[in-house]
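To start, the structure itself, in structure tokens.
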There are 2 protein chains.
Amino acid sequence: MLSKKTKYGIKALSYLAKRTDKSPVQTAEIARSENISPKFLESILLTLRKSGFLGAKKGKGGGYYLIKDPNEIQMTTVIRVLEGPIAMLPCVSLNYYEKCEDCPDELTCSVHKLMIEVRDSTLKVLGEKTLADLA
Amino acid sequence: MLSKKTKYGIKALSYLAKRTDKSPVQTAEIARSENISPKFLESILLTLRKSGFLGAKKGKGGGYYLIKDPNEIQMTTVIRVLEGPIAMLPCVSLNYYEKCEDCPDELTCSVHKLMIEVRDSTLKVLGEKTLADLA
DNA sequence: TAATAACCTACTAAGCCGATAGGTTTATAG
DNA sequence: CTATAAACCTATCGGCTTAGTAGGTTATTA
């Protein structure tokens, strides 16, 4: 299940990508438009800025704006930053790998093999999609 | 992320499917072999029995056994029973649909569309796989 | 009749999620 | 130079879920 954090984050990015204008947009405006708790969204936008997706401007007339071209923003990278691993098990995660305690041998584990296939198919979909496709 | 419940459940089903013999296998044996907490596994096998995957026999020499042919057991149905929805958002779930509170219109929601694609690709992988493929 | 193993109910510790509260810093407007 | 605006930062919290534990009940077999 996708967390609300991720869902809201994607919505916010889409909102910014839809704008022709590249001027800063305030958190409150996005929150209002997308029905998101302003304070919660604030923390999300902050992590998106720290991750290099957004730029920010303080003070009056400030807000957040996209740094990169929406075409260059893969959905895989967005989701990894907000949600963490895309894989359904740590032992099949490319970016957040972790060994299972219970599993003596991954290569013979039935669940492992299955989840690799799921991961690859998901990765294919998300890797081909960019923020531009959503907006 | 797949819960341990689901992971253990699939492992247990695989274990049973691998056996040529169709005699009942005790919870303790599966737990030992797969490194699962016996009591936790007990509850999992119980739900698998109630869902029609397993049969059970009480008393000495009892245990659990597969009811159906492993070829007939789709991984989608197993996961839905143990984990719940396969979709990453309730609003794109076929079997556990739920409307998003924040979203006024699903058809224009960028996240919605994206998650439908992810769901479909996952469903394709899991729908083609049966328990026999795992074992 | 004793042992065995499934069945059932209840509880719990820990962790995460979504959100809130309140203050600090920086930029702009007048 | 001062007031305002908005991002930035820290801390906290209630509620829920997960993974497991404990302990007893029922049914079957030897």
Side-chain angles (χ1 to χ4, degrees), chain A residues 1-12 16 23-32 34-51 53-67 79 82-85 88-90 96 98 100-103, chain B residues 1-12 16 23-32 34-51 53-67 79 82-85 88-90 96 98 100-103:
Chain A
M1 276 289 163
L2 215 64
S3 65
K4 298 210 171 181
K5 181 179 173 187
T6 304
K7 184 181 156 199
Y8 294 160
I10 295 175
K11 278 191 167 190
L16 292 174
S23 62
V25 181
Q26 300 150 27
T27 304
E29 178 185 330
I30 304 176
R32 221 180 304 118
E34 301 294 328
N35 298 306
I36 305 171
S37 153
K39 274 294 200 180
F40 189 31
L41 181 60
E42 194 178 276
S43 70
I44 296 168
L45 295 178
L46 200 56
T47 73
L48 285 174
R49 196 221 65 194
K50 289 181 179 171
S51 310
F53 294 104
L54 300 179
K57 201 187 160 198
K58 287 188 181 180
K60 188 161 192 178
Y64 291 96
Y65 50 91
L66 280 175
I67 282 185
I79 292 181
L82 293 170
E83 187 78 9
M88 296 187 80
L89 284 178
Y96 300 82
E98 228 171 297
C100 299
E101 301 140 29
D102 56 298
C103 215
Chain B
M1 278 287 164
L2 215 64
S3 65
K4 298 209 170 182
K5 181 179 173 188
T6 304
K7 183 182 158 198
Y8 293 161
I10 295 175
K11 278 192 166 189
L16 292 174
S23 61
V25 181
Q26 299 151 27
T27 303
E29 178 185 330
I30 304 176
R32 221 180 304 118
E34 301 293 328
N35 297 306
I36 305 171
S37 152
K39 273 294 200 178
F40 189 31
L41 180 60
E42 194 179 276
S43 70
I44 296 167
L45 295 178
L46 198 56
T47 73
L48 286 173
R49 197 221 64 196
K50 287 181 180 172
S51 310
F53 295 105
L54 300 178
K57 201 184 158 197
K58 286 187 181 180
K60 187 162 192 178
Y64 289 97
Y65 50 92
L66 280 176
I67 282 184
I79 291 180
L82 292 171
E83 188 79 8
M88 296 187 81
L89 284 179
Y96 299 82
E98 228 170 297
C100 300
E101 301 140 29
D102 56 300
C103 215

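Below, all heavy atoms of this structure are taken into account, side chains as well, without hydrogens, waters or symmetry copies. Per chain, numbering begins at 1; letters A, B, ... match sequence-line order.
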Atom-pair distance (CZ on A:Phe40; C1' on C:dC17), nearest Å: 7 Å
Between C:dC7 (P) and B:Leu41 (CG): distance, integer Å: 12 Å
Side chain of B:Lys39 - closest among D:dA5, D:dA7, D:dG24: D:dG24
Residue met sooner reading DNA chain C from 5', once B:Val25 and A:Lys57 are mapped to nucleotides: B:Val25
Sugar-phosphate only, base, or nothing, as touched by A:Thr27 at under 4.0 Å among non-hydrogen atoms: sugar-phosphate
First encountered from the 5' end of DNA chain D, between B:Leu2 and B:Glu42: B:Leu2
Under 3.5 Å donor-acceptor, B:Thr6 side chain and B:Leu2 backbone: no
Non-hydrogen side-chain atoms of A:Cys103 and B:Lys11 separated by less than 4.5 Å: yes
Side chains of A:Ile30 and A:Leu45 in contact at under 4.5 Å (non-hydrogen atoms): yes
pair B:Met1-A:Pro90: side-chain heavy atoms closer than 4.5 Å: yes
Phosphate-side-chain proximity, A:Tyr64 and D:dC8, N/O vs OP1/OP2 below 4.0 Å: yes
Of A:Glu83 and B:Gly62, the one whose closest DNA chain C nucleotide lies more 5': B:Gly62
Between P of D:dT18 and CE of B:Met1, the distance in whole Å: 14 Å
Side chain A:Glu83, main chain A:Ser3, donor-acceptor under 3.5 Å: yes
A:Lys7 side-chain N/O to C:dG18 phosphate OP1/OP2 under 4.0 Å: no
Selected nucleotide, minimal atom distance to A:Ser37 side chain, candidates D:dT29, C:dC8, C:dA19: C:dA19
Length of the line joining A:Ile36:CD1 and C:dA19:C1', which is rounded to integer Å: 13 Å
Spacing between B:Leu82 atom CG and D:dT18 atom P, to the nearest angstrom: 12 Å
Whole-Å distance separating the CD atom of B:Gln26 from the P atom of D:dT29: 13 Å
Atom-to-atom span, CG of A:Leu45 to C1' of D:dA6 - whole angstrom: 12 Å
Sugar-phosphate only, base, or nothing, as touched by A:Lys50 at under 4.0 Å among non-hydrogen atoms: sugar-phosphate
Given D:dG20, C:dG18, C:dC7, the nucleotide with the shortest approach to the side chain of B:Lys4: D:dG20
Protein-nucleotide distance (A:Tyr8, atom OH; C:dC17, atom C1'), rounded to Å: 11 Å
Under 4.0 angstrom between A:Lys58 side-chain N/O and C:dT24 OP1 or OP2: no
Presence of B:Arg49 side-chain N/O under 4.0 Å of C:dA6 phosphate oxygens OP1/OP2: no
